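Order of appearance sets the numbers: ligands from 1, and atoms from 1 within every ligand. Here the structure is a predicted model, which means the values were calculated and not measured. In what follows, every heavy atom counts, from backbone to side chain, and hydrogens, waters and symmetry copies are set aside.
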Amino acid sequence: MIVSPNRIWVDGCFDFTHHGHAGALLQAKRTGPPGCQLICGVHNDEDITSNKGMPVMNNRERIEHTRANRWSDEIVENAPYVTEPSWMDRYGCMYVVHGDDITLDADGKDCYRVAKDLGRFRVVKRTAGVSTTEIIHRILTNENNISIASPEYFPTTELLEFYSSGKDGFTKHCYVFDETLDNCVIQSNVYKLVPSECVYIQGDFDLFHMGHIDQLRVLKSKFPDSRIILGLLLKSDNNGDTIMTFKERALSVLSCKWTDGLILNPTFKLDVSPFPHNYKLNSFELCSGSEFSSYLTTEVIINRIKDKRDHYTVRNEKKGMHV
Ligand code: CTP
């Protein structure tokens, strides 16, 4: 394959596939010309375990979540942990993009040393405040470092606008509303939202994962001609605290390729919704028969960490996070 600046390589573990990863993918896409292709190399469980520590989300969950990102165009499984230019060549990518942190292999060497030496490395800004370590810490301690009383708990318009970007990284795909359809915060410039042509799903989308994403996919298959609008509840579905902040949940759902619009903190009840078809997240209708939604819940992920508390405590301590 001809190596071209129109094809961009990014690689990583993408554990939890959180909005920090999504932000890196969107920035990576914007390093190329409009219409460029983003090739995402995902490391396998074995390589992550030997270089960094056991991932929480397994191979298939990380791969399919990265595939469901709006800005990723192609997924390459088993991508080497230390980036190999021969792999970039094979997929026609001139350069690799990574956040402005240094990733080390098991020997403590920079994973991008070869690409850097060849001048085939580009850097984007890493998203502060979110990481696999940080999410594990919140689950182990039952505490979030950002309280609902803090302005940081909520997304800024600037961030909402950034994560509403279309597949090309430049157009505005998603609408964002505050509480009702009367308060439009971000307007799409690629389609006109007509409520009768939409399907609505409401939930907390905490730790946004493949169990949620597969429900959006099922919705799309039931209503292929409809736009999917998500209602993001401020509190958890059982009215308690969520692990992820409102901002983090909003940015995560906006990064998903199935999302066409988002209503922040919807104040209407489902039975008086402006949309013709309405669903609650995790309803039996959406979960049954779907590979991920039938077993993967936020609770299951929390238990993966709590069941291996000692392992994850040691792993986090190595990163300077003490329980
Ligand atoms: N990344 C980012 N912001 C974050 C976390 C990751 O921009 N908060 C970027 C990384 O710089 C990299 C890509 O996302 O370019 C994939 O990162 P990954 O290999 O999955 O791992 P980490 O950087 O270790 O992220 P985490 O600590 O969350 O596992």
Does even one non-hydrogen atom of [X] get within less than 4.0 Å of ligand 1?
| X | value |
| --- | --- |
| Glu134 | no |
| Asp101 | yes |
| Val130 | yes |

Please determine if [X] has a nitrogen or oxygen closer than 3.5 Å to a nitrogen or oxygen of ligand 1.
| X | answer |
| --- | --- |
| Ser131 | no |
| Lys319 | no |
| Thr127 | yes |
| Asp15 | no |

Side chains of residues 311-323: which donor-acceptor partners sit under 3.5 Å, not counting sequence neighbours?
unit_1, atom_1, unit_2, atom_2, d
Thr313, OG1, Arg309, O, 2.6
Arg315, NH1, Met54, O, 2.8
Asn316, ND2, Thr133, O, 3.1

Residue, atom name and distance, where the atom is the protein heavy atom closest to [atom]:
| atom | answer |
| --- | --- |
| atom 24 (O) of ligand 1 | Lys52 NZ, 2.8 Å |
| atom 17 (O) of ligand 1 | His21 CD2, 3.6 Å |
| atom 6 (C) of ligand 1 | Arg126 NH1, 3.4 Å |
| atom 20 (O) of ligand 1 | Phe14 N, 2.8 Å |

- [ ] Quick one: sort the Phe154 and Phe246 rings into parallel, tilted or perpendicular, breaks at 30° and 60°.
- [x]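 Plane angle over 60°, so perpendicular.
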
TODO: Fit a plane to each ring of Phe292 and Tyr295, take the angle between them on a 0 to 90° scale, and name the class: parallel (under 30°), tilted (30 to 60°) or perpendicular (over 60°).
DONE: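 Phe292 vs Tyr295 ring planes: tilted.
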
TODO: Examine Arg122 relative to Tyr95 and say whether NZ or CZ is less than 6.0 Å from the centre of the six-membered ring and inside a 45° cone about the ring axis.
DONE: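 Judged by the rule, Arg122 and Tyr95 form a cation-pi pair.
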
TODO: First locate atom OH of Tyr153, then atom CD1 of Ile148, and finally report the distance between them rounded to the nearest 0.5 Å.
DONE: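 It comes to 4.5 Å.
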
Open item on the list: For Lys52, is there an ion pair with Asp15 - N to carboxylate O distance below 4.0 angstrom?
Closed with: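 A salt bridge is absent here (no side-chain N lies under 4.0 Å from a carboxylate O).
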
TODO: Could you tell me whether Asp105 and Arg113 make a salt bridge, using a distance below 4.0 angstrom between a side-chain N and a carboxylate O?
DONE: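 Yes, this pair counts.
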
Open item on the list: I need the full list of side chain to side chain donor-acceptor pair (under 3.5 Å) pairs touching residues 202-219, with sequence neighbours left out, sorted by first then second residue.
Closed with: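 Matches after skipping sequence neighbours: Tyr200-Gln202, His209-His212, His209-Thr298, Asp214-Arg217, Asp214-Ser290, Gln215-Asn282.
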
